Chemist: 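One structure, as C-alpha cells, below. Some questions next.
Atoms within a ligand are numbered from 1 in the order they appear, just like the ligands themselves. Every value quoted in this text rests on a predicted model; they were computed, and no experiment measured them.
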Amino acid sequence: MKNNRYQTLGEFIIQNQEDFQYSTGELSRLINSIRLAAKTVNHEVNKAGLVDIIGAVGTINQHGENQQKLDVYANEIFIRTLRNRQIVCGIASEENDDYISVEGSDGQHNSKYVVLIDPLDGSSNIDVNVSVGTIFSIYRRLSPEGTPVQLKDFLQAGRNQVAAGYIIYGTSTMLVYTTGHGVNGFTLNPAIGTFYLSHPSMTIPSEGNIYSINEGNYVHFPQGVKNYIKYCQREEEDRPYTSRYIGSLVSDVHRNILKGGIYIYPQTAKAPNGKLRLLYECNPMAMIVEQAQGLASDGYNPILDLEPTELHQRVPFFCGSESMVRKAEEFMKN
Ligand code: AHM
Ligand code: MG
C-alpha cells in the first residue's frame, strides 16, 4: 500500500485501487461515496447546537430506542448517497428493520457490493456535544450478479469483509478505513472540505493501560469480566490501569487504537448477548482493530469468525490491544 503524508483521501483511494483483489474501480467509487456522505453528515453534526435539529424525533427504531433527529438524517444521507450512485446492490442499516435492495437505472442489479452501516453511533452523546461516529462494513455479494440481493449477502462472517471503516465526528473529523491492507486515517480540513492522510498505517500498541467499559453495569457482568476489572484495578506491576469510557464506540475504540487499551461491552444479566450489533458495529470495528494488529473477540472466539444468523444480532464485544484482549479472554475462560 502506497501512502504519502499530505495526500488527500481522493488521491489515496485512486493510488491504492490496484490493491483490491477484484479491482474494477467499483469499490473505490463506493468509498468515495461514503466520503461524500460523511462530509454532509459532518456539516450537520457540527451545527447541531445551532439549529433546531437535536432532540428526539419521536420514532422508535428497530431496537426500541428513541431515535434522534440526527440519526434519521445520517441514515437518509448515507442511504441516498449510495443509492443515487448505484454502486451497491444492497444496503442494511442499524436504523432500518430490513435491508434495502438497490437496482441500477436500467432496472438491473449488477453491482457487486453490499454495505452495512451504523449511520450515527453513540447518538445519546449528540445533544451533549460529545463525539459520535459512523461505522461501515462492505462485502461482496454471494448471490449472482444481476439478481436482487438476498439476506445471505448480508449474513456473512466478518472475515469476508472487503473493507470497513468509521468516521469520527470529534474535535476534528476523521475517516479511518481498511481494505485489508492496514489501516489509514484521514483528517478533514473543514475550511476546504478535504480529508488528508494524517494517520498512515495505524497500529495499536500491543500493550495498553486504558480499559473502557460501562462499570455502572458491574453487578450484571459475568464473573470473568468482574475479575478482569479487578485485575485492571489491582496495584501490581504496570497497574492499576486507567478507566476511560465515552459511551461512543467509535471514539472509545479510536482512542484505544492510538494509545493502547481495551474496550469491553460484555453480556449482562439483562442483555445476555450484550448491546452491540455484530453486523453494524462489531464486525467492522473488529476488522479495523485486527488490521491495526489488535484483537477483537466475543470473550472466547474472534468476532470475525462468527457466522451471523440475523441482521440485528447482538454480541458481547472485547477489542483492543492484543495482550489486553488475551488477558480478558483468559479471565472469561476461567
Ligand atoms: P447506539 O448504536 O444506540 O448509539 O448504541 C451503541 C453505543 C456505543 O457507541 C457505545 O459504546 C454504547 O452504546 C454505550 O452503551 P451504554 O450507554 O450502555 O454504556
Ligand atoms: Mg450503534
Chemist: Is there a donor-acceptor contact under 3.5 Å linking the side chains of S93 and N75?
Modeler: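 Yes, side-chain donor-acceptor contact under 3.5 Å.
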Chemist: Heavy-atom distance to atom 13 (O) of ligand 1: which of E281, K275, E95 wins?
Modeler: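 Comparing heavy atoms across E281, K275, E95, the nearest one to atom 13 (O) of ligand 1 lies in K275.
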Chemist: Which atoms of ligand 1 have any heavy atom of Y263 under 4.0 Å away?
Modeler: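 Counting from 1, the qualifying ligand atoms are 10 (C), 11 (O).
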Chemist: Going by atom types alone, do E207 and S323 pair a side-chain donor with an acceptor below 3.5 Å?
Modeler: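 A pair is found: one side chain offers a donor N or O, the other an acceptor, under 3.5 Å apart.
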Chemist: Is D118 touching ligand 1 with its side chain, its backbone, both, or neither, if touching means heavy atoms under 4.0 Å apart?
Modeler: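 For D118, the contact with ligand 1 is made by the side chain alone.
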Chemist: Sequence neighbours excluded and cut-off under 3.5 Å, please list the side-chain donor-acceptor pairs for residues 164-171, or say none.
Modeler:
{"residue": "Y166", "atom": "OH", "partner": "H254", "partner atom": "ND1", "Å": "2.8"}
{"residue": "Y169", "atom": "OH", "partner": "T134", "partner atom": "OG1", "Å": "2.7"}

Chemist: For ligand 1, which is the ligand I care about here, please tell me if D121 has any N or O atom under 3.5 Å from one of the ligand's N or O atoms.
Modeler: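 Between D121 and ligand 1, an N or O pair is found under 3.5 Å apart.
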Chemist: Please give me the minimum heavy-atom distance between S201 and N184, naming the atom from each residue.
Modeler: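 In this case the closest contact between S201 and N184 is N-OD1, 2.8 Å.
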Chemist: Considering just N/O/S atoms, say which atom of E94 is closest to the Mg ion (ligand 2).
Modeler: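 Distance check against the Mg ion (ligand 2) picks out OE1 in E94.
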Chemist: Is R244 salt-bridged to D252, going by a charged N under 4.0 Å from an acidic O?
Modeler: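 Result for this pair is no, no salt bridge flagged.
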Chemist: Just which atoms of ligand 1 are under 4.0 Å from any heavy atom in Y245?
Modeler: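 With Y245 as reference, the close atoms of ligand 1 come out as 11 (O), 12 (C), 14 (C), 15 (O), 16 (P), 19 (O).
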Chemist: Have a look at ligand 1 and work out which part of N214, if any, has a heavy atom under 4.0 Å from it: side chain, backbone, both or neither.
Modeler: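 N214 to ligand 1: side-chain contact only, backbone stays beyond 4.0 Å.
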Chemist: Taking the six-membered ring of Y300 (Phe, Tyr or Trp), confirm whether the NZ or CZ of K333 is under 6.0 Å from its centre and within 45° of its axis.
Modeler: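 Negative - K333 is either too far from the ring of Y300 or too far off its axis.
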Chemist: Any donor-acceptor pair under 3.5 Å linking the side-chain atoms of N42 with those of T173?
Modeler: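 Yes, a side-chain donor-acceptor pair sits under 3.5 Å.
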Chemist: Under 3.5 Å between some N or O of ligand 1 and some N or O of V250?
Modeler: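 No.
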Chemist: Using the rule given for salt bridge (Lys or Arg N to Asp or Glu O under 4.0 Å), can you reason through E44 versus K69, listing the C-alpha separation, both sets of side-chain angles and the distance that settles it, and then say yes or no?
Modeler: CA-CA 11 Å; E44 250 1 80; K69 280 186 185 172; over 6 Å; no
Chemist: Which atom name does E281 have for its N/O/S atom nearest to the Mg ion (ligand 2)?
Modeler: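 Output for this pair reads OE2.
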Chemist: Side chains of Q161 and S137 only: does a donor on one sit below 3.5 Å from an acceptor on the other?
Modeler: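 Their side chains do contain a donor-acceptor pair, which is all the 3.5 Å distance test asks for.
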Chemist: Under 4.0 Å from a heavy atom of L249: which atoms of ligand 1 are those, numbered in the order shown and with their elements?
Modeler: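 Those of ligand 1 that fall under 4.0 Å from L249 are 8 (C), 9 (O), 10 (C), 11 (O).
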Chemist: Suppose I only count heavy atoms of S123 and a 4.0 Å limit; which atoms of ligand 1 are within that range?
Modeler: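 So the answer, numbered in order with elements, is 4 (O).
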Chemist: Show the atoms of ligand 1 that are less than 4.0 angstrom away from any heavy atom in E94.
Modeler: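 In order of numbering, the contacting atoms are 2 (O).
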Chemist: With carbon and hydrogen excluded and only N/O/S kept, which atom of D118 is nearest the Mg ion (ligand 2)?
Modeler: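 Distance check against the Mg ion (ligand 2) picks out OD2 in D118.
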Chemist: Going through the distances and angles, do N32 and R29 end up as a side chain to side chain donor-acceptor pair (under 3.5 Å)?
Modeler: CA-CA 5 Å; N32 260 321; R29 287 204 300 282; over 6 Å; no
Chemist: For ligand 1, which atoms sit closer than 4.0 Å to a heavy atom of R277?
Modeler: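 This gives 2 (O), 5 (O) as the contact atoms.
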Chemist: Looking at D121, which of its N, O or S atoms is the nearest one to the Mg ion (ligand 2)?
Modeler: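 Of the nitrogen, oxygen and sulfur atoms in D121, the Mg ion (ligand 2) lies nearest to OD1.
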